[in-house]
2 protein chains.
Amino acid sequence: MSEQNSDIRTRVAETLEILRTHSLTTIVLQELERMILNGELKPGERINEKALAASQLVSRGPIREACRRLEQAGLVEIIVNRGVFVRKLKPKDAADLCDIRASMSALAGRILAAVITDNQMATLKDMVGRMERMAAVGDIGAYYPLNVEFHDTILRFAGNERLAAMCAAIDKELYLFRRRSLHVGIGLDRSAAEHRKMIAALEARDAERAAQVFAEHANTGKERLLGALPEADDGGA
Amino acid sequence: MSEQNSDIRTRVAETLEILRTHSLTTIVLQELERMILNGELKPGERINEKALAASQLVSRGPIREACRRLEQAGLVEIIVNRGVFVRKLKPKDAADLCDIRASMSALAGRILAAVITDNQMATLKDMVGRMERMAAVGDIGAYYPLNVEFHDTILRFAGNERLAAMCAAIDKELYLFRRRSLHVGIGLDRSAAEHRKMIAALEARDAERAAQVFAEHANTGKERLLGALPEADDGGA
DNA sequence: ACGCGAATGGCTGTCAACAATTGGCGAACG
DNA sequence: CGTTCGCCAATTGTTGACAGCCATTCGCGT
């Protein structure tokens, strides 16, 4: 029993620690983000403050604050006296965001080529190597998360925190859109090949070439994303 | 008296209309943004919710919601149980933001070179011409707003709304930083010359050259911004 | 006099209640 | 039968109040 007590006390202490550093608003924010990205809340759907407050066992205050942050982040849209709606991205919006994302990738490549260390280079090479082996056997399930980690690592190595934050925000927003098309992992080989080119440019410390290659890689993603979609999809608005 | 009555009624109607479309949160948000950008609230300063609520004649709810949006926008920083503080940009942050801003300028130039119409071209040319005349006589007061309008127009013509919104957000954040150095309008001539180069690249419909020239123009601003500052400024934190 | 702990004042985080607006439903009317 | 007006339930916008935390200050002991 003392063990269970200790367990409970530990968990209570942890919970209190979380509450001390992360207000309910923050917790609700992450939960809402998760629900939107998971598709539990679908684009265009309205978020019922009262119901959500009840389900999360909190008052409407934190819910509203979290929604205001989500609006600024671009994940939801708020119409006065009507409510907050999960953002519905039009293809044009997605294309615009892809262009921005590509520019940011290019910037990351340009910066990284100038500052990357040998250790970092080895880390990236190792990742690319692993991804190539996964691509060879078609292991999509393992390829995808490593691919995400690869790009995160690049941004971390580039050392521009705001750039990383913005890329994360854009990726979240694009994920809203990407979700529709069950992204069949077409082109694992091509993706892996592009990664190799990126590595090559970095290893040559060629900033301009890195920028170019990084942007091209991002644009491949754009084409794949937009190509698998109905060109005119106004969602019945 | 009937005139005054009409006046009052008009203003009441306008006020009601504003309240119907912009909640108090929105109004407070704009007011806070103005206060921060004006320097009425200085970087590092704490925003007192209670006092602000009293001065704005609203409750703390809308204030808090506005602050959460400002946090997501990067203008303030919130520490749990301590309050919300106007963001204090370190030179590194400013430099990072400048790099991002330059990449976005490049993207705007690349897009615009491909889609600009003759009418739009004429509009931009006219602006540049006016700015050159102002630069010639050193009329900083008139040059600055027109310069802002010039860049806004470019972003509008480029047609990527998210890009424009992000640039606006970054500019606001940089303004937080820029405010310290009383930006003496050094280099009006150089700025005007760069504008002419930008126009030339656009007129040639040369996307890559436009991207390059636009980025260089933004980087000029970066150097001017960072050059006029103490390299290590931790603000006594 | 100086350092340390407790009381205190103010402020933030959260909640529950009130007021105002929206959209739907039904009835009356053309 | 279709349309429009008015009522009503539901939901959002806003407010005021309460509880807990933080920083400061006061008092005590050394």
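Lettering of chains follows the sequences in order, A, B, ..., and the numbering in each one begins at 1. FYI, side chains are in, hydrogens and waters are out, and symmetry mates aren't considered; it's all heavy atoms of this structure.
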message: Taking any heavy-atom pair under 4.0 Å as a contact, classify Gly61(B): base, sugar-phosphate, or nothing.
response: base
Between CZ of Arg60(A) and P of dA10(D) the distance, given in whole Å, is 15 Å
Rounded to the nearest 0.5 angstrom, the CD-OG distance for Glu31(A) and Ser55(A) is 8.0 Å
Per atom distances to the Val58(B) side chain, the nearest of dT14(D), dT15(D), dT14(C) is dT15(D)
Pro62(A) has its side chain closest, among dC15(C), dT14(D), dT12(C), to dC15(C)
Arg64(B) CZ to dC11(C) C1', in whole Å, measures 11 Å
Query raised in the report: Are Thr220(B) and Arg224(B) linked by a side-chain donor-acceptor pair shorter than 3.5 Å?
Result: no
Leu29(A) atom CG is separated from dG13(C) atom P, nearest whole Å, by 15 Å
Checking dG13(C), dT15(D), dC11(C) against the side chain of Leu24(B) (C-beta onward), the nearest is dT15(D)
note: Lys50(B), atom NZ; dG13(C), atom C1'; distance rounded to Å ~ 14 Å
note: Ile79(B), atom CD1; dC11(C), atom C1'; distance rounded to Å ~ 14 Å
Against the side chain of Ser23(B), the closest entry in dG13(C), dA16(C), dT14(D) is dT14(D)
Check your understanding: Short question: side chain of Arg87(B), backbone of Gly74(B) - any donor-acceptor pair under 3.5 Å?
Key -> yes
Whole-Å distance, Ile27(A) CD1 to dT14(C) C1', equals 12 Å
- [ ] May I ask you to verify if any side-chain N or O of Arg82(A) is less than 4.0 angstrom from the OP1 or OP2 atom of dA10(D)?
- [x] no
Side-chain donor or acceptor of Asp93(A) paired with backbone N/O of Lys90(A) under 3.5 Å:
yes
Of the listed dC15(C), dT15(D), dT11(D), the closest approach to the Arg46(A) side chain comes from dT11(D)
Rounded to whole Å, CD1 of Ile63(B) lies from C1' of dT14(C) at a distance of 17 Å
- Check whether any side-chain N or O of Asn48(B) sits under 4.0 Å from OP1 or OP2 of dC11(C), and answer yes or no. yes
For atom NZ of Lys50(A), is the number of surrounding heavy atoms from other residues, nucleotides or ligands below 6.0 Å larger than 12? no
Whole-Å distance, Leu52(A) CG to dT14(C) P, equals 15 Å
Exercise. Contact class for Ile78(A) vs. all strands (heavy atom < 4.0 Å): base, sugar-phosphate, or nothing?
Worked result: nothing
Review point. Does Arg68(A) put a side-chain nitrogen or oxygen below 4.0 Å from OP1 or OP2 of dG13(D)?
Key: yes
